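Have a look at the structure below, then the notes.
Residue numbering restarts at 1 for every chain, and letters A, B, ... go by the order of the sequence lines. Nothing here was measured: the structure is a model prediction, and the numbers come from that model.
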Number of protein chains: 2
Amino acid sequence: MRDRVDPSGSCRTKTCSRCSLSRICLPVSLDEADIGTLGRLIEHQPTLRRGEALFNEGDGFRALYAVRAGSLKSFTTTASGEQQVTGFHLPGELVALNAINRWEHPGSAVALETTSVCELPFEKLEDLAADIPDLQRQLLRLMSQEIADDQDMLFTMARRNADERLAILLLSFSERFRQRGLSGTRFRLSMARSDLGNYLGLAPETMSRVFRRFQDQGWIRAEGREVELLSVEALAELAA
Amino acid sequence: MRDRVDPSGSCRTKTCSRCSLSRICLPVSLDEADIGTLGRLIEHQPTLRRGEALFNEGDGFRALYAVRAGSLKSFTTTASGEQQVTGFHLPGELVALNAINRWEHPGSAVALETTSVCELPFEKLEDLAADIPDLQRQLLRLMSQEIADDQDMLFTMARRNADERLAILLLSFSERFRQRGLSGTRFRLSMARSDLGNYLGLAPETMSRVFRRFQDQGWIRAEGREVELLSVEALAELAA
DNA sequence: CGAGAGTTTGAAGCGCATCAATGTCTGTGG
DNA sequence: CCACAGACATTGATGCGCTTCAAACTCTCG
């Protein structure tokens, strides 16, 4: 049996060494000793209820956050009050990478369910990265990947229709759940349809219609927030 | 008189110390000595003609590039041959930040006019960043800003109509030219309308129509690739 | 000067947003 | 445990903004 990553709760101590997420989180590629050092950096591991904010747009930036369990959405808000969802964050993923330059959060992050995170004070993380080459490299890699992913998303928004966008998103979640040792074909989306739609630049009504179309085609089964992918191939063809 | 950055040609030597772009490029916030060290990293300063590629999608990643003079566009290509422009790069800006993780370029970069760049071998840059805390910080800041900018662009694509998109783009260029000591109200766009449109997720015909609308409103004057902003206020209001 | 790329303009159609109404879930207090 | 409120989801009808197609025009540069 393949190694499994327990996505909820097996990292109860303020250390990375015994955290089941260490293979997909920041410590990836660090050796034992360095993982220990990194773990000692963590000062707080706040737990948030559904709807609670990890930070708000405009807040001062002090730390990066690694999701330990649960999930978050990031979003910006316009003057007129509308929201734009910029991303969803699953266990092992880093939040606030966009806040480093201005030393201020350009958007908010809110828990989509009961969620706990590891707080990584950024100045200390920087100091540590200067001492541990592998950590520096990993930080740069994660940020580089975030840039590549965002640019991919730009392409999706610019050139794909509603069906293709949803197919791409479903496959993205599938892959991310799989990496975390969960099923890649059956999972629970913790966010509302309207959040998914907002992220994809589509109205909630359109989301609903596309979900229906996919079900009518027999490609997925969706009951509320539970989703089952019945034909990954069909979705992949749409996404191609 | 304000300091001016000569955007073309005043950095003829393989050093950052005497480069007029050092105040907006990677060396920002480094001291004299460190700037010298950084400059010694530069091995090549290739010059590209219009249409020549700096690198192609799928090429191995070895170095970051800083634009010295001229301009580039980044883009990805689909299986079916269509292009998606992911960015335009002006002097002082870094190219290939999206290639670090996979050690491979996820897109191509092509010169929009005669363009020269400084090649920064990445592994050496990493080593140097570990020695020079300010350099490490600057690298992380630049990448963080790129993430924030891309996410901003995502918002633009998801929620803005054609007029608003063009207004936002024109103001972005205006600001970037201004930072480089050039006029923020009169400048030459080195890329085709179709590239601008592609970047904004709009058809070339739509670009043409929006340009016309802006001119009819008296907000801009456009003759070919020369653009003059007549009412920054009107554009800013659209972009708000 | 000529050719090909880039631009403009008009006409038609389609995809998605919007509006409106109904239906369904979730969690809370009686 | 049930009833209810409020958020969320679904479905249909309509309209608008953009794409697409087509054709003429105009740069640019070899």
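B:Asp152 pairs by the side chain to side chain donor-acceptor pair (under 3.5 Å) definition with nothing, not counting sequence neighbours. Residues meeting the side-chain contact (heavy atoms from CB on, under 4.5 Å) test with B:Arg221, sequence neighbours left out: B:Arg186, B:Glu223, B:Glu228, B:Leu230. Applying the side chain to side chain donor-acceptor pair (under 3.5 Å) test to B:Glu93 and every residue at least two apart in sequence or in another chain returns B:Arg176, B:Arg180. By the side chain to side chain donor-acceptor pair (under 3.5 Å) test, A:Gln215 is found to be paired with no residue, residues two or more places apart in sequence or in another chain being considered. Residues satisfying the side chain to side chain donor-acceptor pair (under 3.5 Å) test with A:Ser71, not counting sequence neighbours, are A:Glu113, A:Ser190. In terms of the side-chain contact (heavy atoms from CB on, under 4.5 Å) criterion, residue partners of A:Pro204 (sequence neighbours excluded) are, by chain and number, A:Ser194.
The CG atom of B:Leu200 sits 15 Å away from the C1' atom of D:dT19 (whole-angstrom rounding). Per the geometry, CG belonging to B:Leu196 stands 15 Å off C1' belonging to C:dT8, to the nearest Å. Atom CD in A:Glu223 sits about 14 Å away from atom C1' in D:dA9, given to the nearest Å. Nucleotide C:dT7 holds its P atom 9 Å from the CZ atom of B:Phe211, rounded to whole Å. The distance from atom CZ of B:Phe214 to atom P of C:dT7 is 17 Å, rounded to the nearest whole Å. Atom-to-atom, CG of B:Leu202 to P of C:dG15 comes out at 18 Å; the value is rounded to the nearest Å. Here the C1' atom of nucleotide C:dA5 and the CG atom of B:Leu112 are 15 Å apart, to the nearest Å. Distance, B:Met207 CE to D:dT19 C1': 15 Å, rounded to whole Å.
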Table of protein N/O atoms under 3.5 Å from nucleotides 21-30 of chain D N/O atoms:
residue : atom : partner  : partner atom : Å
D:dC21  : N4   : B:Glu205 : OE2          : 3.1

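Bending across the helix from C:dC1-D:dG30 to C:dG30-D:dC1, expressed as the angle between its end axes from five pairs apiece, amounts to 50° (10° rounding).
With a 6.0 Å cutoff to the six-membered ring centre and a 45° limit on the axis angle, A:Arg193 counts as a cation-pi contact of A:Phe211.
Side-chain N/O atoms of B:Thr206 include none lying less than 4.0 angstrom from OP1 or OP2 on D:dC18. OP1 or OP2 of C:dT8 has not a single side-chain nitrogen or oxygen of B:Arg212 nearer than 4.0 Å. Distances shown here put every side-chain N or O of A:Ser194 at or beyond 4.0 Å from the OP1 or OP2 atom of D:dC8.
Across the interface with DNA chain C, nearest-nucleotide mapping of A:Arg165 and B:Asp195 shows B:Asp195 to be the residue nearer the 5′ end.
Here B:Gly201 lies in heavy-atom contact (under 4.0 Å) with sugar-phosphate atoms only.
Counting only residues at least two apart or in different chains, ring-ring contact (aromatic ring centres under 6.0 Å, His included) contacts with residues 181-210 of chain B comprise B:Phe88-B:Tyr199, B:Phe177-B:Phe187. The list of salt bridge (charged side-chain N to carboxylate O under 4.0 Å, His left out) pairs with a residue in residues 43-54 of chain A, not counting sequence neighbours, reads A:Glu43-A:Lys124. The list of salt bridge (charged side-chain N to carboxylate O under 4.0 Å, His left out) pairs with a residue in residues 75-86 of chain B, not counting sequence neighbours, is empty.
A:Ser74 contributes no side-chain N or O that, together with a main-chain N or O of A:Ala109, makes up a donor-acceptor pair within less than 3.5 Å.
With respect to A:Leu170, the side chain to side chain contact (heavy atoms under 4.5 Å, CB included) criterion is satisfied by exactly one of A:Leu196, A:Leu238, A:Ile220, A:Val232: A:Ile220.
Within residues 150-163 of chain A, the residues approaching DNA chain C are A:Asn161, A:Ala162, by heavy-atom distance under 4.0 Å.
Of the candidate nucleotides C:dC16, D:dC18, C:dT8, C:dT8 has the atom lying nearest to any side-chain atom of B:Arg193.
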